2 protein chains.
Amino acid sequence: MAKPKAARVKLLDAALALIRERGFSAMTVDDLCARASVTKGAFFHYFKSKNELGVAAAEHWSAVTSAIFERAPYHTPKAPLDRVLAYIAFRRALLRGAIPEFTCVVGTMVQETYAQHPDIRDACAASIFGHAGTLEDDIAQAMKQHDVSADWSAEGLATHMQAVLQGAFVLAKAKNDVSVAIESIDHLRRYVELLFRSRPKRIARR
Amino acid sequence: MAKPKAARVKLLDAALALIRERGFSAMTVDDLCARASVTKGAFFHYFKSKNELGVAAAEHWSAVTSAIFERAPYHTPKAPLDRVLAYIAFRRALLRGAIPEFTCVVGTMVQETYAQHPDIRDACAASIFGHAGTLEDDIAQAMKQHDVSADWSAEGLATHMQAVLQGAFVLAKAKNDVSVAIESIDHLRRYVELLFRSRPKRIARR
DNA sequence: AGAAACATACCAACTGGTTGGTATGTAAAT
DNA sequence: ATTTACATACCAACCAGTTGGTATGTTTCT
């Protein structure tokens, strides 16, 4: 027999796929159960409501993605600026396959739910800004090393990077073509390079 | 009695509001009719289906917004770069009031419909990229004047600017706070300044 | 150790309200 | 006298959520 709680995980994985394909509102509980090969009884055993599943899906997304980013190779460069640029390169490299395979679940979901379902919105915000937070240290170190004392903060730049990525996804969906997203990420890389190259380096490295 | 076709316009205006508040999928035809103070008969007199209304709403949004942008004051500066920067300042200034009052209808709608309703997706794409197109000339002129011969194009930068704006909206919804969006637009302004200031000006103006 | 009591993990059938859409009507404009 | 611009009444399909179960552990009592 399958492990206990198998249905819950299958439902959450199905939710990630369906939200990326159709969005949260258009995804029905029946769709979800069919995709997960589970009955409706199982769904309501694990989730009190569709909204509660929305929150759980955002948390599941956070768990899945943070595992990917923790193990990703962009942490290895010694210079903090190089880690930031490697992150951008990594995000660029992730844009492979069909659109629902690389777009952001919580970015999609929050657009539909922010006003009607504050708990889902907050779970999405935690996912996005939590991920942005993982970039702050590298950016702050790069700012120090390059003597950047600007009117912007490490937190603000990390957030802006997420904005560019989210916007790139929206445009890719509209054009039904990844290449616009890639172009935007290239602009983001250029921006970060310009931000740090416009100032002299404190330590001559590389 | 009210003018003929009044119901159509009322329905389209209601659609713009409801899509911004709840998204396209969560907006029902009954919602729409109630908001527009119109009966369902009127709705299906003007639109064959909800999807067709989606397409019409995107086109209506294009018409409404292009009228605003045409009359906006950012076209007056003589230097093309200043017009581009004035556009960014104008977009920044538009971020007033509650979130559904400044976010983008087609950016929201396309995220939910891109895979299921290609005609809506295409109408949204036409709106976004059509608007981006209105910026290309100014950017191209600025590139010429500042001797920028880069590995990016006027079209690409115009598109990137829309990506930043769309992403800013997503993040504002997630955080339920405009300020993240403003911060991102400030980063966009800084990027454009850096792009053109890193090259010498051909003509000393301003 | 064995039985009783309880909890967990599901499943299939059902329900009441909602949804997009239709069928039919009517008053006004052309 | 048509066509246009709506309104009213209605429907079949669909939807989130419920009900009442079964099968399989796990814990507790004796």
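Convention: sequence-line order gives letters A, B, ...; per-chain numbering from 1. Heavy-atom basis, side chains included; hydrogens, waters and symmetry copies ignored. Since the structure is predicted, the reported quantities are computational estimates derived from the model, not experimental observations.
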Handout entry: Spacing between A:F43 atom CZ and D:dT19 atom P, to the nearest angstrom
Key = 17 Å
Problem - Residues in side-chain hydrogen bond (donor to acceptor under 3.5 Å, both in side chains) contact with A:D137, at least two apart in sequence or another chain - result: none
Problem - Contacting residues from residues 111-122 of chain B, given that a heavy atom lies under 4.0 angstrom of DNA chain C - result: none
Completion exercise
Residues passing the side chain to side chain contact (heavy atoms under 4.5 Å, CB included) test with A:P100, sequence neighbours excluded, are A:R20, A:E21, A:A98, B:Y114
Practice task
Starting at atom CZ of B:R8, determine the distance to atom C1' of D:dT4, rounded to an integer number of angstrom.
Solution key: 14 Å
Practice task
Take the protein atom CG of A:N51 and the nucleotide atom C1' of D:dC15, then report the distance between them rounded to whole Å.
Solution key: 14 Å
Problem - Atom-pair distance (NZ on B:K10; C1' on D:dA5), nearest Å - result: 12 Å
Handout entry: Non-neighbouring partners of B:S37 that pass side chain to side chain contact (heavy atoms under 4.5 Å, CB included), sequence neighbours left out
Key = none
Exercise for the section: With sequence neighbours left out, write down each residue that passes salt bridge (charged side-chain N to carboxylate O under 4.0 Å, His left out) with B:D30, or none if nothing qualifies. Expected result: B:K40
Practice task
Rounded to the nearest angstrom, tell me the gap between atom CZ in B:F44 and atom C1' in C:dT19.
Solution key: 9 Å
Practice task
May I have the distance from A:L53 (atom CG) to D:dG17 (atom P), rounded to whole angstrom?
Solution key: 10 Å
Per-pair distances, 0.1 Å, donor-acceptor, side chain in residues 153-161 of chain A, under 3.5 Å, sequence neighbours excluded:
residue : atom : partner : partner atom : Å
A:S153  : OG   : A:G156  : N            : 2.9
A:T159  : OG1  : A:E155  : O            : 2.9
A:H160  : ND1  : B:S184  : OG           : 2.9

Fill in the blank from the handout: Residues passing the side chain to side chain contact (heavy atoms under 4.5 Å, CB included) test with B:V178, sequence neighbours excluded, are B:L95, B:F102, B:I182
Exercise for the section: Check whether any side-chain N or O of B:H45 sits under 4.0 Å from OP1 or OP2 of D:dC6, and answer yes or no. Expected result: no
Completion exercise
Nucleotide by nucleotide, nucleotides 8-14 of chain D touches protein heavy atoms under 4.0 Å in the pattern (B base, S sugar-phosphate only, - none) B------
Exercise for the section: Please check if any side-chain donor atom of B:S127 sits under 3.5 Å from a side-chain acceptor atom of B:S62, or the reverse. Expected result: yes
Handout entry: Closest heavy-atom pair and its distance - A:D31, A:A26
Key = OD2-O, 3.8 Å
Fill in the blank from the handout: Out of D:dA7, C:dG21, D:dA5, minimum distance to the side chain of B:V38 belongs to D:dA7
Problem - With A:D13 via salt bridge (charged side-chain N to carboxylate O under 4.0 Å, His left out) - residues at least two apart - result: none
Exercise for the section: Not counting sequence neighbours, which residues clear salt bridge (charged side-chain N to carboxylate O under 4.0 Å, His left out) with A:D119? List them please. Expected result: none
Practice task
Could you tell me the separation between the CG atom of A:L18 and the P atom of D:dA16, rounded to a whole number of Å?
Solution key: 12 Å
Handout entry: Partner set under salt bridge (charged side-chain N to carboxylate O under 4.0 Å, His left out) for A:R83, not counting sequence neighbours
Key = A:D138
Exercise for the section: With axes from five pairs an end, tell me the bend angle of the helix from C:dA1-D:dT30 to C:dT30-D:dA1, nearest 10°. Expected result: 10°
